[in-house]
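No hydrogens, no waters, no symmetry mates; every other heavy atom, side chains included, goes into these values. Residue numbering restarts at 1 for every chain, and letters A, B, ... go by the order of the sequence lines. This is a predicted model, so every value here is computed, not measured.
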Amino acid sequence: MDKTYDQTRVEEKWYKFWEENNLFAPEINPDGNPYTIILPPPNANADLHLGHAMMSVEDILIRYRRMKGDAALWLPGSDHAGFETQVVFERNLQNEGKSRFDFDRETLYKMIFEFVQNNKSKMENQLRRLGFSMDWSREKFTLDEDIINIVYQTFKKMSDGGLIYRANRIVNYCTKHGTSFSDLEVVYEDRKSPLYYIKYGPLTLATVRLETKFGDTAVAIHPNDERYKEYIGKEIDIETVLGPAKIKVISDEAVDKDFGTGVVKVTPAHSATDFEIGQRHNLEVKQVINFDGKLNEKAGKFAGMKVKEARAAIAEEMQKKGLIEKVDENYQNRVAVCYKCGTEIEPLPMEQWFIKIDSLAKNALEVVEKGEVKIFPKNYTSTYYQWMKNIKDWNISRQIVWGIQIPAWKCKDCNEWVVTKGEEPNECPNCKSSTIERDPDVFDTWFSSGQWPYATLMTTKPGDFEKFYPTAVMETGRDILFFWVARMVMLGLYKTGSIPFKDVVLHGTVLDPLGKKMSKSKGNVVNPMDLANQYGADALRMALVYGNAFGHDQALSHPKLQTMRNFTNKLWNIGRFLIEFKPEDSTTEISNHEDDKAILKKLDETINKVTAALDQYRFHDATDTLYEFIWHEFADKYIESTKERRSEAQPTLEYVFKTSLELLHPFMPFITEELWQRLPHEGKSIMITSWPTSK
RNA sequence: GGGCACUUAGCUCAGCUGGUAGAGCGUCGCAUUUACACUGCGAAUGUCGGGGGUUCGAUCCCCUCAGUGCCCACCA
């Protein structure tokens, strides 16, 4: 054995050994209780990032339960990640001087498919590099045919059950990417925007969005606003940049008396709030901005201008005409932007598929309230409640090609829609016409990944669903509680009648060493593979859970990685000392020496602490206990104390160390296997040896 | 506007159901070439954000103030 531990010679070797001996499959413990974790499928469009390395805690749980004798299944997979992937792919095209418009739908889809396949295998090897003990024979991809079929079936079931409707509603639309988004995919930026006080006949109102005025179909005031009472219900004459016009004055509770002048223009086509006001008052939805972000013919001479351009031009013209009373240049507002490209989101009216969310959310709320699904750390429970209580209908249509195309066809003759389980209908069931056309849109990627726990298990091996569902734990980043976890609970309950998982375990975000969020644009992204190569996968895994209360964000710490790399070296040298410096005349029985009894007692305490910590998802407690015990109790004190009576102590030394390795194995799988194999042991692998119990 | 966290040694952070504080890194001193220098032994440093309350006793519970971070809603 070398003086210094070299993980590069060890880690790959053991992963291969485990995989070749099929130790990852739950069948290794055929009679054990099922214990299942479904891997949050990484997006198959890029390398793993550090957040993925946090999924080490899933491996910790799986290895722990496997050693305890459970039929532990960790099911791997990857996500096609619809819009996200298309954006990445388009950027690549752009670098080659091409664009998505150069290809037809099918070609583009095929190209992205190949791109994703390529990434997928790279990513899978990175998961292996981290030591993740996943059952690769059950690996799934969100675009596997059988998965797609299940997604179709769910949509059909919801459609038949009246939970799906198609409606012309205001959606969040990115004019650059050419697609709509759910509310969750929109981010807000604080901006300073000029607030124009403009004259509408006898009234003055404040607005930022001058360019939408051509779509105004009313002016609204609060019903209790004494200042303007006389105008309610009347039509007023106004002067506009396109000449004189008439507009009616309505009253609505949604108006804030204290904002601006208390008068608001109502533009149902370009504001979600105004759209709702419009519905209450039967206002016309007059669209003046098109999906390319330019004004249309209703804007008269401003037609063809982009929104910002038009706003400036209109402001100038209105100033000339004396229609602007004043401008508040210091007005602070929040502007909705595309979370990918920062383009201002246009609220636009569009026909989309929506899911009626109320009943789904109610059930999903209940299972958590009743404790059938538990969330760890538990403070996220109230966040979950809050979201579930305020959730709105879910727009699941996306105007992109990369995804699962919605199985809905529209009759060109009678305009009726028909939804199927994926098969193309021959004729319109309503009017028998054969001229029907499939909706070009695809599902929001979260609609398919929201079905992941049951879709995977229903399509892996016969009997898997019955045996492994509901799963034990859903472990994922706290940032996708709403995007994903909540949707899985809703869809799981809906489709299977049962919760998809019992415990939700949320880890925090790994930040850069300065505590800032990692992002490609900031250039502070750290590749976990680099860290694994530099410090060892064991050290990386350990560093991510050691010394941080689980669920809290943490800054990546190189000193901590070094500490853990040093710890692996300490383990190595303890092993070396026990194995290579073993006295010839060692006894074989554990002695009754007081020191030996004392260390065995401390070992028992350690076993109890670590086991309890793991059962409560207190990973940092477990690692802290192990680190302290092995290094400072066992190595520094006990080993030093035995140097005078080494032969007698050897069996205790070996026993305590071997047991420690077993306790440490879920956290540091590679080095513990390497050393365990070198010590006297029974069985094929530390992976499948029994979890230690106290005496 | 609503919610959730956080504020503890120079730095990064632990501290579970209340008994006047710990780790890693760093600093200082010492040791030895030892299984391990990716080492060992020892030391210093904290009115646990401010104020108030409950309690025999609070870093831990309650109230309040201040600061930081995150999430949700959303501004016409």
Whom does [N] pair with, Watson-Crick or G-U wobble, provided both distances fall under 3.5 Å?
{"N": "U39(B)", "answer": "A31(B)"}
{"N": "G18(B)", "answer": "none"}
{"N": "C11(B)", "answer": "G24(B)"}
{"N": "G1(B)", "answer": "C72(B)"}
{"N": "C6(B)", "answer": "G67(B)"}

Pairwise 5' ranking along RNA chain B for Phe567(A) and Pro559(A), keeping only the more 5' one: Pro559(A)
Contact nearer the 5' end of RNA chain B, comparing Val186(A) with Gly262(A): Val186(A)
Short N-O contact, Arg209(A) and Glu211(A), less than 4.0 angstrom: yes
Lys356(A) with Asp393(A): basic N within carboxylate O range, under 4.0 Å: no
[N] phosphate, OP1 or OP2, under 4.0 Å from [X] side-chain N/O:
{"X": "Thr568(A)", "N": "C38(B)", "answer": "no"}
{"X": "His558(A)", "N": "U12(B)", "answer": "no"}
{"X": "Arg618(A)", "N": "G15(B)", "answer": "yes"}
{"X": "Asn548(A)", "N": "U12(B)", "answer": "no"}
{"X": "His632(A)", "N": "G24(B)", "answer": "yes"}
{"X": "Lys3(A)", "N": "C38(B)", "answer": "no"}
{"X": "Lys392(A)", "N": "C74(B)", "answer": "yes"}
{"X": "His620(A)", "N": "G15(B)", "answer": "yes"}

Donor-acceptor pair present, Lys582(A) side chain and A35(B) base, under 3.5 Å: no
N/O donor-acceptor pair, side chain Glu640(A) with base A35(B), under 3.5 angstrom: yes
Euclidean distance for [atom1], [N] against [M] (whole angstrom):
{"N": "G51(B)", "M": "A14(B)", "atom1": "C1'", "result": "27 Å"}
{"N": "G19(B)", "M": "G15(B)", "atom1": "P", "result": "14 Å"}
{"N": "U8(B)", "M": "U55(B)", "atom1": "P", "result": "29 Å"}
{"N": "G50(B)", "M": "C56(B)", "atom1": "C1'", "result": "26 Å"}
{"N": "C38(B)", "M": "G57(B)", "atom1": "C1'", "result": "45 Å"}
{"N": "U54(B)", "M": "U59(B)", "atom1": "P", "result": "16 Å"}
{"N": "C13(B)", "M": "G69(B)", "atom1": "P", "result": "14 Å"}
{"N": "U45(B)", "M": "A23(B)", "atom1": "C1'", "result": "15 Å"}

Option among Asp596(A), Leu679(A), Leu578(A) that satisfies the side-chain contact (heavy atoms from CB on, under 4.5 Å) test with Leu653(A): Leu578(A)
Choose from [options] the nucleotide whose nearest atom is closest to any side-chain atom of [X].
{"X": "Thr273(A)", "options": "C74(B), A35(B), C36(B)", "answer": "C74(B)"}
{"X": "Asn569(A)", "options": "C36(B), C4(B), A14(B)", "answer": "C36(B)"}
{"X": "Asn379(A)", "options": "C72(B), C4(B), C38(B)", "answer": "C4(B)"}
{"X": "Ile574(A)", "options": "C75(B), C38(B), A35(B)", "answer": "A35(B)"}
{"X": "Thr563(A)", "options": "C25(B), C72(B), U39(B)", "answer": "C25(B)"}

Heavy atoms only, 4.0 Å cut-off, all strands: where does [X] land among base, sugar-phosphate and nothing?
{"X": "Ala612(A)", "value": "nothing"}
{"X": "Asp624(A)", "value": "nothing"}
{"X": "Ser382(A)", "value": "sugar-phosphate"}
{"X": "Arg576(A)", "value": "sugar-phosphate"}
{"X": "Asp256(A)", "value": "base"}
{"X": "Tyr380(A)", "value": "nothing"}
{"X": "Tyr331(A)", "value": "sugar-phosphate"}
{"X": "Gln554(A)", "value": "nothing"}

For [X] and [N], give me the distance from atom [atom1] to atom [atom2], rounded to whole Å.
{"X": "Asp621(A)", "N": "G22(B)", "atom1": "CG", "atom2": "P", "answer": "16 Å"}
{"X": "Met564(A)", "N": "A23(B)", "atom1": "CE", "atom2": "P", "answer": "14 Å"}
{"X": "Glu189(A)", "N": "C74(B)", "atom1": "CD", "atom2": "C1'", "answer": "15 Å"}
{"X": "Gln386(A)", "N": "C74(B)", "atom1": "CD", "atom2": "P", "answer": "12 Å"}
{"X": "Gln7(A)", "N": "C38(B)", "atom1": "CD", "atom2": "P", "answer": "15 Å"}
{"X": "Phe657(A)", "N": "A35(B)", "atom1": "CZ", "atom2": "C1'", "answer": "11 Å"}
{"X": "Phe634(A)", "N": "G40(B)", "atom1": "CZ", "atom2": "C1'", "answer": "16 Å"}
{"X": "Tyr638(A)", "N": "A35(B)", "atom1": "OH", "atom2": "P", "answer": "17 Å"}

Ring geometry between Trp676(A) and His681(A) (parallel below 30°, tilted from 30 to 60°, perpendicular above 60°): tilted
Aromatic Tyr197(A) / basic Lys326(A) pairing, under 6.0 angstrom, 45° off normal: yes
Flag, side chain of Asp225(A) to backbone of Lys257(A), donor-acceptor distance under 3.5 Å: no
Residues Asp444(A) and Trp394(A): side-chain donor-acceptor under 3.5 angstrom: yes
Polar contact flag, side-chain donor to acceptor under 3.5 angstrom, His620(A)-Asp624(A): no
Among Phe667(A), Phe619(A), Phe567(A), Tyr627(A), the one residue meeting ring pair (Phe, Tyr, Trp, His ring centres under 6.0 Å) with Tyr546(A): Tyr627(A)
